[in-house]
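Below is one structure, written out as structure tokens; comments come after it.
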Amino acid sequence: MAGSEAATWDQWRAVRPDLDLTPMTLFGGLKHANAMLEFLLEPVFETSAISSSEFDVLFHLRHAPEPIIARRLAQTIGKSAAALSKALTKLERRGLVKRVANPADKRSALVTISDTGAAAVDDVIPRRLVLEAEVIDALTDRQGSDVARAFRVIGGALETAARRRG
């Protein structure tokens, strides 16, 4: 835990000693790591046709063997159906994705990436991987394995909690 972050938790503990802040320290660490990653990736997306959040959507569509049901895509990337619908509308207007009514269920849409969307993802991927590899290179092999395992475990726990909530 970084020094200023540790000081924040110490201040909270002093003010509210009745609270167990352990969950917040764990999730705070995840949020901080994600915020730092987004900060480091800013230059990659400044020169790209897509934003980081658009990349997240397009990445999952890039090599999908068939169109993806929008609702399933929302679950995969951790967005509400409404938030994904809004994002897909913007992407569709820019010609990066295509949506069609699902013939098996007219209430749902099937989403595919366009050639323009695929090219945008293909432009970002190599530059993003170089940056992420630089970060990972600071870890030992054991640390990298431990982090990957921890992310799988916490990701599974979060998915279970999300399913329980509906």
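This is a predicted model, so every value here is computed, not measured. Just the heavy atoms: all of them, side chains too, but no hydrogens, waters or symmetry mates, feed the values below.
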Looking at [X], I want to see if its [atom1] is surrounded by more than 12 non-hydrogen atoms of other residues, nucleotides or ligands under 6.0 Å.
| X | atom1 | result |
| --- | --- | --- |
| Arg71 | CZ | no |
| Asp137 | CG | yes |
| Asn34 | CG | yes |
| Arg72 | CZ | no |
| Phe59 | CZ | no |

Determine whether [X] and [Y] fall in the same hydrophobic cluster, where Ile, Leu, Val, Met, Phe, Trp and Tyr are linked whenever their side-chain heavy atoms lie under 4.5 Å apart.
| X | Y | result |
| --- | --- | --- |
| Leu139 | Phe151 | no |
| Leu129 | Leu40 | yes |
| Leu37 | Val121 | yes |
| Leu131 | Phe45 | yes |

Pairwise distance [atom1]([X]) to [atom2]([Y]) - rounded to 0.5 angstrom:
| X | Y | atom1 | atom2 | answer |
| --- | --- | --- | --- | --- |
| Leu91 | Thr116 | CG | OG1 | 11.5 Å |
| Ile68 | Ile77 | CD1 | CD1 | 9.5 Å |
| Glu42 | Thr47 | CD | OG1 | 12.0 Å |
| Lys31 | Leu26 | NZ | CG | 12.5 Å |
| Ile69 | Leu110 | CD1 | CG | 6.0 Å |
| Met36 | Leu41 | CE | CG | 11.0 Å |

List the atom of [X], the atom of [Y], and the distance in Å for their closest heavy-atom pair.
| X | Y | value |
| --- | --- | --- |
| Ile113 | Leu58 | CD1-O, 3.7 Å |
| Glu38 | Ser52 | OE1-OG, 2.7 Å |
| Ala49 | Glu54 | O-OE1, 4.4 Å |
| Glu92 | Lys98 | OE2-C, 4.3 Å |
| Ala70 | Leu84 | O-CD2, 3.1 Å |

Are the side chains of [X] and [Y] in touch, meaning some heavy atoms are under 4.5 Å apart?
| X | Y | value |
| --- | --- | --- |
| Phe55 | Arg128 | yes |
| Leu21 | Arg16 | no |
| Glu132 | Val135 | no |

**OP:** Measure from the side-chain N and O atoms of Ser85 to the backbone N and O of Ala81, and report whether any donor-acceptor pair falls under 3.5 Å.
**Re:**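 Not a single qualifying donor-acceptor pair exists.
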Original post:
Ser108 side chain to Asn102 main-chain N or O, any donor-acceptor pair under 3.5 Å?
Top reply: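 No, the answer is negative, given that no donor and acceptor are paired below the 3.5 Å cut-off.
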**OP:** Establish, from distance only, whether the side-chain atoms of Arg127 and Ser48 form a donor-acceptor pair under 3.5 Å.
**Re:**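 Short answer, no.
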Subject >> Val111, Thr89, Leu73 screened by side-chain contact (heavy atoms from CB on, under 4.5 Å) with Val97, the one that passes >> reply: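 With Val97 as partner, side-chain contact (heavy atoms from CB on, under 4.5 Å) holds for just one option, Val111.
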